[in-house]
Chemist: 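Handing you a structure now.
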Amino acid sequence: MAIRTEPSEPFRLLGQKIPYIEGPMKVTGRAEYTDDIHRPGMLVGKLLRSPWPHARLRRVNVERARAVPGVYAVLTGERYPTPFGVLPITRDETAIAVDRARYIGDIVAAVAARDERTAERALAAVEFEVDALPEYSDPRVGRVPVEAPIHAAGLRGSNLQKEVLQEFGAVDAAFQSAAAVVEVRASFAGVTHAFTEPHCTVAEATPDGRLTVWSATQVPHYLHRALSEVLGMPMHRIRVVKPEIGGAFGGKSDPLPHEIACAALALECGRPVKILFDREEVFYTNHGRHPTYNVVRVAASAEGQLRGYDIEAVIEGGAWSSFGTVTTYYNGVMAMGPYAVPNFRYKGQRVFTNRPPSGAMRAHGGTNIRYSVEVALDELAEQLDLDPFELRRRNALRPNSVTVNQFRITSTSFRKCLAAARDRSGWEEKFRKLPFGEGVGLGCGFYISGSNSPIHFTPKMPQCTVHLKADMDGGIAVHCMQADIGQGSNTLLAAIVAEVVGVELDRVHVTPVDSDITPVDIGSYSSRVTFMMGNAARKAAEAMRDRLLDAAHDLTGYPRELLHVGLERYEVAHRPELGVSYLDALHRAMESGGALQTTGAYTSPPMGGTFKGARAGTAPAYSFAAYVAQVRVDAETGIYRVLKVWAAFDCGRPLNRLAVEGQIEGSIHMGLGQLMGEAMEYRGTRLMNPALLDYKIPMPQQMPEVECLLVGDDDPEGPFGAKEAGEGPLVATLPAVANAIYDAVGVRCYDLPVTPDRLLKAIDRRRAAGTPWKDH
Amino acid sequence: MTSQPILRLRINGQPVETPAPPERILLDLLREDLRLTGTKRGCDLGTCGCCTVLLDGRPTLSCLTLAHLAEGREITTIEGVSTGTALHPVQRAFVDLGATQCGFCTPGFVLTAVALLRERPRPTRDQVVEAIAGNLCRCTGYTKIIEAIEAAARAAPG
Ligand code: FES
Ligand code: FES
């Protein structure tokens with residue numbers, strides 16, 4: 001069930017529960033994913049993966065592999081050695097390893113063959129001469145000069161990829177004068193996206209000099225750029241198509257080496273090539289959440305006014321940079337909300353290791369730091385004998401304020417989130433009052449609603465463009481490169497257009513992403529699509545509506561100001577019977593120039609400071625959350641269950657409540673996975689659990705009841721007042737549960753995942769110390 | 001090419017004859033040979049449930065099933081759940097209640113649910129949860145999937 005305040009103006013579609021427009025295709029198996037694509041003469045592409053964690057590739061001999069009958073192409077790294085990366089400042093990946101393999105699973109050769117077995121035989125015939133290099137598996141030890149740095153760009157001869165030092169205000173003074181100081185030291189295992197659709201790419205080079213790439217990507221435009229750079233082909237000769245995507249969560253947001261290798265194979269042999277990963281390859285490709293060690297110190301006055309944060313984080317990057325420079329900043333600056341913190345210091349380090357690369361995963365950079373902050377605040381509240389809600393309420397960022405690092409805060413309904421979560425959860429009767437073994441906990445959230453700076457070009461170019469075309473049939477085709485990855489952006493795009501133009505939803509057709517047709521949107525990452533695409537779509541739709549109203553004016557003779565949008569009609573305000581139909585208006589409008597075409601674009605406004613790193617975390621809006629979790633812990637086994645989560649979330653105005661609830665429920669599931677058991681487990685550099693049997697996501701039995709409380713006020717710049725709901729809903733989950741565990745059994749959990757054995761040990765320690773908890 | 005034995009199957013109510021070596025896996029046969037691509041390949045290891053089909057009405061992981069073991073049995077894939085362009089009540093409920101996000105797990109869930117409701121037209125919440133325990137969904141947190149299955153059960157004529 002969801003409650004929300006009444007919208008300030010009625011909408012026909014927006015704000016309702018709008019089923020996904022592609023839902024019928026998905027439930028019948030008719031939706032087309034990349035692996036469902038079959039091209040005539042298509043070959044099987046396969047990748048050889050390094051068995052060495054760190055090795056110099058002295059010689060690679062592919063003669064025998066090429067001689068295997070049925071093999072069309074064998075490629076090694078030197079064919080396309082141009083480095084690429086999702087961030088232009090850290091281009092350190094190649095399609096296929098050049099000179100050096102950096103982790104077990106690194107791609108060292110690629111083949112295209114008539115079938116899978118032949119491809120495998122060819123891969124087995126590739127011969128290597130390698131020199132083993134020292135291997136690095138612990139980020140904490142790679143921060144000093146090492147014998148064989150994983151990348152030449154490592155700072156000071158170490159494996160440090162990035163170091164961030166930021167200080168705002170007078171942190172030491174704030175801590176010296178503070179009445180209360182708490183410190184949380186936490187560690188976080190790496191977790192991975194575990195989407196159900198394995199990566200897949202199909203590429204086809206054609207005699208007209210063009211290359212088409214169909215790929216399971218959430219950022220088609222950056223893939224387009226990377227293909228162009230590495231293959232040395234101008235972008236206009238490359239066509240990128242995004243089919244349906246079976247989940248991504250950040251794991252399909254970097255341009256990935258296999259996508260380029262697949263295209264390279266297709267160019268090499270002139271036939272279509274498909275590369276489909278097996279599940280093990282998905283795990284080795286990773287780009288999941290960084291394994292993290294962080295320390296959060298919080299200073300406060302006796303009244304619970306936050307005086308300062310002092311944060312350190314060491315995050316493990318694995319073999320490549322990926323989004324890492326951004327991640328390093330985010331692990332500090334994502335603590336800038338939802339509270340006003342006048343003094344702030346952050347030292348962050350990202351360290352390469354010879355393990356699968358870390359990257360962006362849902363609530364990128366904002367999850368682990370949020371955990372430590374929220375646990376620290378729970379401790380602070382206890383120390384000051386303040387209710388955890390009250391502590392947070394006193395420090396809530398205010399609307400239209402600026403953080404100490406110059407983040408521009410426009411709308412925030414954080415206090416409403418707090419009030420709703422407290423009220424609906426029955427906090428008053430439960431906190432510290434439930435019997436031993438049961439508890440409630442509060443965790444809050446803050447996340448960006450779109451990154452202000454596009455990665456690859458200046459903010460002067462739009463981050464999103466939407467084109468509309470209405471032709472004689474009365475259908476409206478929508479073109480935009482936004483990537484629906486299951487979050488419902490196609491549906492939102494169609495609903496915005498239908499709402500504004502005043503037509504039934506089934507008139508609106510969202511064209512699949514195809515770089516030949518759909519204008520650039522920079523993709524589904526940083527929770528940007530609703531905000532940026534939504535604004536662009538609104539503008540395009542308003543432009544079309546205005547042309548239709550002009551036509552209605554021509555037809556009816558009534559002044560333009562008196563005409564307004566009805567359903568499939570444009571009507572005279574006081575005499576609705578004097579309207580014209582949408583089709584009549586459209587056909588009139590087409591007389592002057594054929595099909596009606598309009599465009600809308602979104603460019604985020606200038607914002608943020610001018611110091612180094614000032615752009616990281618700047619966003620046109622932010623989401624806020626306050627979650628209460630209720631848990632039951634079996635103190636004899638350490639097994640615990642989350643019974644219910646009250647999820648109060650400020651996404652501004654929810655435009656599709658079905659999608660928003662789905663994002664919240666899915667986020668809670670994913671957050672619980674990280675808290676309760678998911679972990680990329682390593683022995684040294686070797687990943688021990690690259691399978692869904694051993695990397696366990698929560699079962700339906702482990703999923704709590706979720707009550708979504710959508711209490712956000714309209715955002716002034718969001719489309720119809722909306723903000724993001726794709727990532728922010730994750731972050732509050734973990735600390736809410738951890739704080740509930742504390743309320744239940746009196747122990748704090750600082751090492752994630754909080755597995756039953758870890759929890760049991762902590763409970764036993766508490767018992768051994770003879771410290772009672774809730775009369776137990 | 002050596003000639004391969006002909007496999008005689010019944011898929012979605014129709015007889016199908018197709019050459020296949022004895023070791024051909026049902027999932028590969030459906031997807032690659034017959035291009036029934038609604039059945040999804042999520043892991044190939046029996047761990048995700050995306051490849052679920054019904055064998056004589058029972059949910060079965062096609063990635064772990066030899067195609068020839070399906071001979072003489074009725075195979076239902078997602079393509080055979082509804083007729084024409086209509087939706088089965090389970091499919092309708094999945095769409096209307098938001099039980100499909102990325103949709104990659106959806107064919108498997110729909111088939112599992114169809115089988116469950118055939119066996120137990122009014123399942124309890126626990127029975128629903130139990131029935132879907134072999135299907136992974138990373139998007140929905142299962143909440144709306146469970147709701148949709150319950151709604152489909154309620155909508156069916158009693
Ligand atoms: S593909 Fe069969 S269970 Fe995953
Ligand atoms: S809807 Fe994406 S995995 Fe279930």
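Everything quoted here is computed from the prediction, not taken from an experiment.
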Chemist: Tell me, side chain or backbone of B/Asp96 under 4.5 Å from chain A's heavy atoms, or both, or neither?
Modeler: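 Contact with chain A involves both backbone and side-chain atoms of B/Asp96.
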
Chemist: Side chain, backbone, both or neither: which part of B/Val110 has a heavy atom under 4.5 Å from chain A?
Modeler: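 Side chain only.
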
Chemist: Check whether B/Phe104 gets within reach of chain A through its side chain, its backbone, both or neither, counting any heavy atom under 4.5 Å.
Modeler: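 Both backbone and side chain.
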
Chemist: At a heavy-atom separation under 4.5 Å, does A/Leu658 approach chain B through its side chain, its backbone, both, or neither?
Modeler: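 It is both, since atoms from each part get that close.
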
Chemist: Quick check for you: among B/Asp44, B/Leu87, B/Ile146, B/Val90, which has the greatest number of heavy-atom pairs under 4.5 Å with chain A?
Modeler: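 Heavy-atom pair counts peak at B/Leu87.
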
Chemist: Is it the backbone or the side chain of A/His193 that comes under 4.5 Å from a heavy atom of chain B, or both, or neither?
Modeler: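 Contact with chain B is through the backbone of A/His193 alone.
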
Chemist: Hey, is A/Glu678 close enough to B/Arg138 for a salt bridge, meaning N to O under 4.0 Å?
Modeler: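 Answer for the salt bridge query: yes.
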
Chemist: Are there residues of residues 662-675 of chain A that reach to under 4.5 Å of chain B by heavy atoms, and which ones?
Modeler: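 Only A/Gly662, A/Gln663, A/Glu665, A/Gly666, A/His669, A/Met670 of residues 662-675 of chain A have a heavy atom under 4.5 Å from chain B.
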
Chemist: If I measure from the heavy atoms of chain B, does A/Met703 come under 4.5 Å with its side chain, its backbone, both, or neither?
Modeler: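 The side chain, not the backbone.
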
Chemist: Which answer fits A/Tyr695, side chain, backbone, both or neither, if we ask what part of it has an atom under 4.5 Å from a heavy atom of chain B?
Modeler: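 For A/Tyr695, side-chain heavy atoms alone lie under 4.5 Å from chain B.
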
Chemist: What pairs with B/Ile25 under side-chain contact (heavy atoms from CB on, under 4.5 Å), at least two apart in sequence or on another chain?
Modeler: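 Counting only residues at least two positions away or on another chain, B/Ile25 forms a side-chain contact (heavy atoms from CB on, under 4.5 Å) with B/Leu27, B/Asp28, B/Leu66.
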
Chemist: Going from CZ on A/Arg279 to SG on B/Cys63, what distance comes out if it is rounded to the nearest 0.5 angstrom?
Modeler: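 SG of B/Cys63 is found 11.5 Å from CZ of A/Arg279.
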
Chemist: Salt bridge check: are A/Asp36 and B/Arg31 linked by an N-O gap of less than 4.0 Å?
Modeler: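 Salt bridge flag = yes for B/Arg31 with A/Asp36.
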
Chemist: Can you tell me if CZ on B/Arg120 sees more than 12 non-hydrogen neighbours from other groups inside 6.0 Å?
Modeler: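 Open.
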
Chemist: At a heavy-atom separation under 4.5 Å, does A/Gln701 approach chain B through its side chain, its backbone, both, or neither?
Modeler: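 Both backbone and side chain.
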
Chemist: Looking at side-chain heavy atoms only, is the closest gap between A/Asp35 and B/Arg41 below 4.5 Å?
Modeler: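 Yes - at least one pair of side-chain heavy atoms lies under 4.5 Å apart.
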
Chemist: Checking an interface table here. Which of residues 23-33 of chain A come within a heavy-atom distance under 4.5 Å of chain B?
Modeler: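 When heavy atoms of chain B are the reference, residues 23-33 of chain A contributes A/Gly23, A/Pro24, A/Lys26, A/Val27, A/Thr28, A/Gly29, A/Ala31, A/Tyr33 within the under-4.5 Å range.
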
Chemist: Side chain, backbone, both or neither: which part of A/Phe249 has an atom under 4.5 Å from a heavy atom of chain B?
Modeler: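 Contact with chain B: side chain only.
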
Chemist: Residues in ring-ring contact (aromatic ring centres under 6.0 Å, His included) with A/Tyr20, at least two apart?
Modeler: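 With neighbours one apart ignored, the set is empty.
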
Chemist: Nearest 0.5 Å, please: how far is CG in A/Leu692 from CG in B/Leu136?
Modeler: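 Interatomic distance, B/Leu136 CG to A/Leu692 CG, rounded to 0.5 Å: 6.0 Å.
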
Chemist: So what's closer than 4.5 Å to chain A heavy atoms on B/Thr140: side chain, backbone, both or neither?
Modeler: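 The backbone, not the side chain.
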
Chemist: Count the heavy-atom pairs under 4.5 Å between each of B/Cys43, B/Cys137, B/Gly42 and chain A, then report the option with the highest count.
Modeler: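 Highest number of heavy-atom pairs under 4.5 Å: B/Gly42.
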
Chemist: Looking at A/Arg117 and B/Glu23, is any side-chain nitrogen of the basic one under 4.0 Å from a carboxylate oxygen of the acidic one?
Modeler: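 Salt bridge flag = yes for A/Arg117 with B/Glu23.
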
Chemist: Has B/Glu71 got more than 12 heavy atoms of other residues, nucleotides or ligands less than 6.0 Å from its CD?
Modeler: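 Yes, enclosed.
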
Chemist: Sort B/Lys144 into side chain, backbone, both or neither according to what part of it lies under 4.5 angstrom from a heavy atom of chain A.
Modeler: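 For B/Lys144, the contact with chain A is made by backbone and side chain together.
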
Chemist: Which heavy atom of A/Gly247 sits nearest to which heavy atom of B/Cys102, and what is that distance?
Modeler: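 Closest approach of A/Gly247 to B/Cys102, heavy atoms only: N-CB, 3.3 Å.
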
Chemist: Where does B/Leu36 contact chain A at under 4.5 Å (heavy atoms): side chain, backbone, both or neither?
Modeler: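 Answer is neither: B/Leu36 stays 4.5 Å or more from chain A.
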
Chemist: Counting heavy-atom pairs under 4.5 Å with chain A, which one of B/Gly141, B/Cys50, B/Gly38, B/Cys105 comes out on top?
Modeler: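 The answer is B/Gly141.
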
